[in-house]
> 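One structure coming up, written as structure tokens, with questions to follow.
Quick note: numbers below take in every heavy atom, side chains included, and nothing from hydrogens, waters or symmetry partners.
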Amino acid sequence: MTSTLGRSDRRTTPEGNPVEPEQLRILLGTAARVPAVTLALIATLVVTTMVAASSDLTGIYAAIAGSWLALHQVTLTIDGVALGVLPLLPTAVLVWLTARAARSATDAFVALGGRPLDRRNASRIAVATLAGPTVITIVALIVIQDAASVLPVVTPNPAAALAWVTALYLLGAGLGIGARTWRPLSVRYGVPNWLVAAVRPAARAVLGMFAAAGVVTVLGLLWSWTVVGDLIGRGGGVTGALGLTVLSVLYLPNVLIGAAAVVAGSTVQFGDVTLSLFEATGGDLPALPVLAVIPPGPAAPFWPVLLAVPATVGALLGRYVAQRHLEARARGEYVSSTDAALTVVAAAALAGATSALATWVAGGPLGIFGVVGGNWWLAGVLVFAWSGLLGLVTSQLLLWREHRLAAAEAARASAAAEESATETAAAENPDDDEPVEEADATPLDEAKALEAGPATPTADVLEAEIVEDGPEGQQDAADADAADAADAAGDAGAPAVAGTEGEDPADDERVHVADAELEDAADEPGGSGVTEQDAGAPPERNGDLPEGAAPPKG
């Protein structure tokens, strides 16, 4: 059991364990792949060029070593002429290849260990990326120092050479490793979200400036197409023309960076030639076709219109930051009210620093022409100012506008909800707003009333009426009853007036009989059952009763 646990522990790969064979193979490939391929390509080009130029191969090793150093932006001095302005296109391709190699090594380490890349393995990949080029650089310096005794070449400064190589390959390794680990590392070390969010808009701003500079460069070359043709013709044949064309393509990034500095408002100096959007002084230039883009001067009145390019780039930066800010808020992420402004400022600072660094790298000394390149610090400051100012204004305006639109939409939604609630309540209770009226009699009640007929007064009611009115009241009541009967008969469609056409004799007879009964009742005091006491007279004794009258009951 103990031995099993021991074997299990030995199979793990703690952070302090030595490099495993598979990891060693990955590191060796990272250290040798890019430098070996680059050195082989340089040797092939040098040999081909020397053979095409019908030159002997005496200084072939020195040429290969010098080309390696020139590829890494190390200043060379040949026959007393310092070459500090070296083409950036091969260097950019080299950094890109190094970043890809470091990223592949990172993926391989993660797949092999089954866990995220730790600090020790990241350091191993960076050291391996730097080891191969450093060895080749040291060998190249030794070769040039040996060839300086027989060739007109000066050995470069070893410290500067190693510094350039180290910086370039560390940049490539950082880009490759950081592409897989920079977000987890930012979360681990608590980097603010606004600073993390500033990386992408800064890159977009720099690329936007370079793209605009590329458009300006192409338009300038088309405008000076005849000059370009004359410079290419100076090559003295197909081989020379092809060489000048290839050299112009290699220097194209340098020209784009200088054009970006000019568009931002900075100045570019090429010996005695000074160029900006506000002034242009002509002078001698090398016979390189791509340099035909530099106008002879003076500055045209419409050139300051190109300042709209950095302004547009800054506005687009602010628009991008505002959109990402709104998207993060829509996803429910916590976003402070000042995060957008901080992101714009950080992105503008990164864009300005990158522009200044690129402008500095693209320039340098060039023999009799002196210093060549743009004013790097002014270019960085102007890019930062344009991007920061226009980015802040644009982002804050867009956020304010979206806030107003959201508030208006919320108000409309609230009003619509209230209106819908009111309509729903009205639909559920339609009689709430109408006055309450007394309910009419139902058809069943009307039918019962018709079947019952007119209400017949009870005996008590009739007696009370007779006592109250006396004989005259009885006569009046009888007459009223007769009139009511006549009215009822008239409403029923029967003739109500005696003697009229269609009169019923039986009705007339009943009327006379009723009248006679009322008269008899009035003539006979006891016939109606009403005593003198009830009529208001003093009561009579039994001896005072009329003859033949019955004594009262009780």
> Check whether any side-chain heavy atom of Thr267 sits under 4.5 Å from a side-chain heavy atom of Leu275, and report yes or no.
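They are not in side-chain contact.
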> Considering only heavy atoms from C-beta outward, does the side chain of Val215 approach that of Val218 to under 4.5 Å?
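No, every pair of side-chain atoms sits at 4.5 Å or beyond.
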> At what distance, to the nearest 0.5 angstrom, does CG of Leu398 lie from CD of Gln396?
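Atom-to-atom, Leu398:CG and Gln396:CD are 9.5 Å apart.
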> Could you tell me whether a side-chain N or O of Ser186 sits under 3.5 Å from a main-chain N or O of Trp182, the two making a donor and an acceptor?
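Pair found, side chain donor or acceptor close to backbone of Trp182.
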> Does Arg324 have more than 12 heavy atoms from other residues, nucleotides or ligands lying within 6.0 Å of its CZ?
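Enclosed.
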> Work out which heavy atom in Ser266 is nearest to a heavy atom in Ser276; give both atom names and the distance.
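Heavy atoms only, the tightest pair is O-CB, 3.7 Å.
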> Measuring only between side-chain heavy atoms, which start at C-beta, is Arg124 closer than 4.5 Å to Asn121?
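With C-beta onward as the side chain, the pair touches.
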> Given 3.5 Å as the limit, does a donor-acceptor pair link the side chain of Thr134 with the main chain of Leu130, or not?
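Confirmed, Thr134 side chain pairs with Leu130 backbone.
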> I'd like to know whether CG of Asp272 has more than 12 heavy-atom contacts from other residues, nucleotides or ligands below 6.0 angstrom.
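Result for CG/Asp272: open.
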> Just wondering, do Leu382 and Pro310 contact through their side chains at under 4.5 Å, heavy atoms?
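Heavy-atom side-chain distance check fails, nothing below 4.5 Å.
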> With a 4.5 Å heavy-atom cut-off, do Ile144 and Pro156 have their side chains touching?
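In contact.
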> Determine, for Tyr320 and Arg204, whether the Lys NZ or Arg CZ falls below 6.0 Å from the six-membered ring centre while staying within 45 degrees of the axis.
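Yes, a cation-pi geometry.
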> Tell me if a side-chain donor or acceptor on Asn254 pairs with a main-chain N or O of Leu88 at a distance below 3.5 Å.
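A pair under 3.5 Å: yes.
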> Rounded to the nearest 0.5 Å, how far does CD of Glu22 lie from CG of Leu27?
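If I round to the nearest 0.5 Å, the distance is 10.5 Å.
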> Is the shortest side-chain heavy-atom distance between Leu117 and Arg180 below 4.5 Å?
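No; the side chains remain at least 4.5 Å from each other.
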> To check you understand the geometry: which heavy-atom pair defines the closest contact between Ala148 and Val153, and what is its length?
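Heavy atoms of Ala148 and Val153 come nearest at CB-O, 3.3 Å.
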> Look only at the side chain of Gln269 and the backbone of Gly271, and say whether a donor-acceptor pair between them is shorter than 3.5 Å.
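Yes, because the side chain of Gln269 sits within donor-acceptor range (under 3.5 Å) of the backbone of Gly271.
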> Any sub-3.5 Å donor-acceptor pair from Trp386's side-chain atoms to Ala264's backbone N or O?
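Side chain of Trp386 to backbone of Ala264, a donor-acceptor pair under 3.5 Å: yes, one is there.
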> Hey, mind stepping through Arg103 and Ile177 against side-chain contact (heavy atoms from CB on, under 4.5 Å) and telling me if it holds?
CA-CA 5 Å; Arg103 186 175 60 185; Ile177 299 173; over 6 Å; no
> For the residue pair Phe270 and Phe369, categorise the inter-ring angle as parallel (less than 30°), tilted (30 to 60°) or perpendicular (more than 60°).
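It falls in the perpendicular class, over 60°.
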> Taking C-beta and beyond as the side chain, do Thr75 and Leu83 meet within less than 4.5 Å on heavy atoms?
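No, side chains not in contact.
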> Where the side chain of Ser387 meets the backbone of Phe384, is there a donor-acceptor pair that is under 3.5 Å apart?
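It does not hold such a pair.
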> Do you see a donor-acceptor pair shorter than 3.5 Å between the side chains of Thr91 and Gln73?
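Side-chain D/A pair, Thr91 to Gln73: present.
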> Specify the closest pair of heavy atoms between Pro304 and Pro301, including all atoms of both residues, with the distance to one decimal.
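Closest approach of Pro304 to Pro301: CD-O, 3.3 Å.
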> Is atom CG of Asp284 surrounded by more than 12 heavy atoms (other residues, nucleotides or ligands) closer than 6.0 Å?
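Incorrect, the count does not exceed 12.
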> Give the minimum heavy-atom separation between Leu71 and Pro90, together with the two atoms involved.
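Answer, listing the atom of Leu71 first, then Pro90: CD1-CB, 3.2 Å.
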> Heavy-atom distance under 4.5 Å between the side chains of Met50 and Val46, does that happen here?
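Result yes, sub-4.5 Å side-chain heavy-atom pair found.
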> As an exercise, state the distance from CG of Leu247 to CG of Leu242, rounded to the nearest 0.5 Å.
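Interatomic distance, Leu247 CG to Leu242 CG, rounded to 0.5 Å: 11.0 Å.
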> Any idea which heavy atoms bring Trp376 and Trp360 closest together, and the distance?
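Minimum heavy-atom separation between Trp376 and Trp360: CB-N, 3.7 Å.
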> Has the side chain of Thr217 got a donor or acceptor atom that lies under 3.5 Å from a matching backbone atom of Ala213?
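Checked: pair present.
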> Answer yes or no: are there more than 12 heavy-atom neighbours, outside Asn193 itself, under 6.0 Å from its atom CG?
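Check fails, neighbour count at 12 or below.
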